[in-house]
There are 2 protein chains.
Amino acid sequence: MPVEKPSLDLLRSITDEHVLRALMEHGRLTRADIAARTGISKPTIYDSVRRLAEAGVLADTGERTTGRGRVGFYYSLAPDTGAALVASISPRGLVAEAVNAFGELVAREETVLGRSASQEEVAQALARAAGTLRAHIPGGLRIAVISAADPVDRGTGRLVQLPDAPFLVGDLHPVAILEPLIAGQVLVDNDVNWAARAERGSGCAVGIDDFVYVHLGEGLGCAVVNDGRVRRGHRGLAGEIAHLHTAGPDGTAMPLTEVFATLGLRRQESTAIDVEALRAVTSGADEAAARTRTILARAVCGVLAAAVALADPQLVVIGGTWGADPAMIETIREQFARSPRHVPIATALVQAPELAGARARAADELRSAIITTARSGHAR
Amino acid sequence: MPVEKPSLDLLRSITDEHVLRALMEHGRLTRADIAARTGISKPTIYDSVRRLAEAGVLADTGERTTGRGRVGFYYSLAPDTGAALVASISPRGLVAEAVNAFGELVAREETVLGRSASQEEVAQALARAAGTLRAHIPGGLRIAVISAADPVDRGTGRLVQLPDAPFLVGDLHPVAILEPLIAGQVLVDNDVNWAARAERGSGCAVGIDDFVYVHLGEGLGCAVVNDGRVRRGHRGLAGEIAHLHTAGPDGTAMPLTEVFATLGLRRQESTAIDVEALRAVTSGADEAAARTRTILARAVCGVLAAAVALADPQLVVIGGTWGADPAMIETIREQFARSPRHVPIATALVQAPELAGARARAADELRSAIITTARSGHAR
DNA sequence: CAGTTTAGTCAGGAGTCTTGCCTAAAGACT
DNA sequence: AGTCTTTAGGCAAGACTCCTGACTAAACTG
């Protein structure tokens, strides 16, 4: 049965949920405001607020209304409601943030990690950052949302290396690392997936339910958004396109990652793309650069064609250090326009999209956690 | 706000929903049974059943319990609750069925249509079948679920022809045709999508949330199931793989449908595959047949590799007149095993899967319709 | 034929939401 | 300065829903 059993308890918890959601959306409100906003009667809100305040979930902020009429008491979420940890792990380093239920940045910690940093060092940096943030936040860190620049196993949250694909961060198990520091859930996903969510939330794909986000940077990735959500697949490896067969420089089929190898654009001793080298050979107006751009654009279009056939997106978004380059995007557009089933191509807009996406989700999960706690909390 | 406003009405409608769901699942039950099954108290169920019976949604079946104890009254959905139309439209003809809220087949109508049948004839056959079934069903046809052997536009429900892809049924707009005959929703989807849902419901993919169903018959299609649901994409054209680039007979890349053209396996004056010819050249133990099987299997594997990269399925299901052939499946398995990211391949199990899938959905939608009506019905 | 079992039914009570009204207190108006 | 208006807070009564617990009716059991 998908629907809960009818009971007066259920009714009351629905009321409480409405009150909490109203406060999460608007920061501080008087009880009369909440009643007007939710459409629930004043006495009911009055009771609910009293319940939640007694349970310690809400608190009188001490502020009072000014203006005509009787003075109103402002209420808001209790200051010790805690925060969510948001972290992005990439070869550029570790960024850790604490976000509250309003989605506001409460604290931030940055750690630069060399490209040669060991897994051990990355793990320690993450644990240290989480510990530092936790100490700063009244209610502690209740949940965590992690973005990693590598494929993430959906079941375990562990970073996984796929054969021959770029592996930028290395073997890491954020769930295990954070387990002693975070009371609740630890959510891990690929940076490209977070970026896609960010573009859908406040970038170039707002309100678009079906699109594909292609990340072309040091790594190669793709997020498939279908019916408004990123679809991760069974193991969480949906969109790992490095091995997808596409058109190579001479027109024969080869895996996408091999195209870069053939062109000598992969970093030494690694399967990561050498972005500086790539930029060097593709920028400029000379014919050689244009030819290289075309070769790369054709390879990318092979991926786009497959994505269109299998996912039928309304839009293709391209991001990443070299993918979002105007000349590159333009070449991809030209090539893609020749495909019998092409769709518009947009450039990713959001700054630090992997963090933006993870932040939004963190606030969301934190809100759910607060509501769940409130529900079970005053059941006693 | 996703959650409904708290009110005593809401509570009551939840109770009614529980009662209805229990009866939909079990056909006939006494009020005491319903109470035990739902966990709701006897007096509450007693009230709810009275309400729903007065509204005409439920009825005393006239049957009584036998055995120890006081005689119980069996209740069930009212006999005039109506049915759902389920129809499958393919070059083989039209099958129309009426299904009740228990998922039982109530009536069936078959119309053979020649391959050369005009759209006009198909449309008339559909309207006639719907009319005939409607006259037989006490409560009429409340909703319709249609399976079509062509791509379906998700927004309009209209069949669409993609350039160069097989177009088996032809331009048809089932929603418009059925509009005067069906009070409620008319749901149209591709036969491959329905088949995938059927395999997930009661076939080889039970309980599997992420898989890909590849249909290899006269047409070429693919359904992508992600997080437990078929993902149709923006226009409903997700999985239209005829134009996906894959390996051709000589190893160069070409669209999947071209592979068949190259091998002379497409029907005259059409882009549909000539299944008889295909079977003729691929069956048998001789080396030529084995070679052709291998060529086709490689082409299919190109599609599978793309699907794995983009959708990360747990399983690949292969169905269709020639795809599900044991020798063919075996060859595909062998070829696919060479891919660095292969997944298990299963053979489709369900008979007439497009109908089975549509039937299940029809029963589901009919149930929802009944619950919605009951909710708004006695609000008066 | 008394005892057991079971569905149906009733009464009372607890809890939730709503309407309507009153009160308090601040600003606006005369 | 005094009265009016506006607005949040607070209270009482009433309608309604669900539940517990007990009772009744009617069948089978031994």
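The figures here come from the full heavy-atom set of this structure, side chains too, leaving out hydrogens, waters and symmetry mates. Chain letters run A, B, ... following the sequence lines, proteins first and then strands; every chain starts at 1. Computed from a predicted structure; not experimentally measured.
- Checking D:dA26, D:dC18, D:dA8 against the side-chain heavy atoms of A:Lys42 singles out D:dA8 as nearest.
- Contacts of B:Thr66 with the nucleic acid, taken as non-hydrogen atoms under 4.0 Å apart, are absent.
- Rounded to whole Å, atom P of C:dT18 lies 8 Å from atom CD1 of A:Ile45.
- Using a 4.0 Å cut-off, no side-chain N or O of B:Thr65 falls inside it from OP1 or OP2 of C:dA7.
- Remark: P of C:dT16 and CZ of B:Arg12 are 19 Å apart, rounded to the nearest angstrom.
- Atom-to-atom distance recorded for B:Asp47:CG and B:Lys42:NZ is 13.5 Å, nearest 0.5 angstrom.
- Candidate nucleotides C:dT18, C:dA7, D:dC18 were compared by shortest atom distance to the side chain of B:Ala32, and C:dA7 ranks first.
- Remark on DNA chain C: of its neighbouring residues A:Gly39 and A:Gly67, the 5'-side contact belongs to A:Gly39, judged by nearest-heavy-atom nucleotide.
- A:Arg68 has no side-chain polar atom (N or O) that falls below the 4.0 Å cut-off from OP1 or OP2 of C:dA28.
- The distance from atom CG of A:Asp9 to atom C1' of C:dA14 is 11 Å, rounded to the nearest whole Å.
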> Given the rule in the side chain to side chain contact (heavy atoms under 4.5 Å, CB included) test, do B:Arg200 and B:Val206 qualify, once you have shown the distances and angles that lead to the verdict?
Replying inline: CA-CA 4 Å; B:Arg200 188 173 128 78; B:Val206 174; over 6 Å; no
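- For the OP1/OP2 pair of D:dC19 and a distance below 4.0 Å, the side-chain nitrogens and oxygens of B:Thr44 include at least one atom meeting the criterion.
- Contact between the side-chain N/O atoms of A:Arg31 and the OP1/OP2 oxygens of D:dG10 is found at a separation under 4.0 Å.
- Of all nucleotides listed (D:dA26, D:dT20, C:dT19), C:dT19 comes nearest to the side chain of A:Pro43.
- Across all strands shown, A:Leu8 has heavy atoms under 4.0 Å from base atoms, whether or not it also approaches the sugar-phosphate.
- In the set D:dA8, C:dT18, D:dC18, the nucleotide with an atom closest to the side chain of A:Asp33 is D:dA8.
- Put simply, CZ on A:Phe73 is 11 Å from P on C:dA26, counting in whole angstrom units.
- At D:dT20, none of the side-chain N or O atoms of B:Ser41 fall inside 4.0 Å of OP1 or OP2 (strictly under the cut-off).
- For the side-chain contact (heavy atoms from CB on, under 4.5 Å) test with B:Arg231, the passing option among B:Asn226, B:Asn193, B:Val225 is B:Asn226; the others fail.
- Across the protein-nucleic acid pair, B:Arg51 atom CZ and D:dC16 atom P stand 12 Å apart, rounded to whole Å.
- Computed from coordinates, the B:Leu11 CG to C:dT16 C1' distance equals 9 Å when rounded to whole Å.
- When the P atom of D:dC18 is taken as reference, atom CG of B:Asp16 falls 8 Å away, rounded to whole Å.
- A donor-acceptor contact shorter than 3.5 Å links the side chain of B:Trp194 to the backbone of B:Ile146.
- Look at A:Tyr46 and you'll find a side-chain N or O under 4.0 angstrom from OP1 or OP2 of D:dC11.
- A donor-acceptor pair under 3.5 Å is formed between the side chain of B:Glu199 and the backbone N or O of B:Val350.
- Every residue two or more places apart in sequence or in another chain that forms a side chain to side chain contact (heavy atoms under 4.5 Å, CB included) with B:Thr30 is listed here: B:Ala32, B:Asp33, B:Thr65, B:Tyr74.
- Each of A:Gly69 and A:Ile40 has a nearest nucleotide on DNA chain C; the 5'-most of these lies closest to A:Ile40.
- For the pair B:Arg70 and C:dT9, the criterion of a side-chain N or O lying under 4.0 Å from OP1 or OP2 is not met.
- Rounded to an integer number of Å, the gap from CZ of B:Arg50 to P of C:dA7 is 20 Å.
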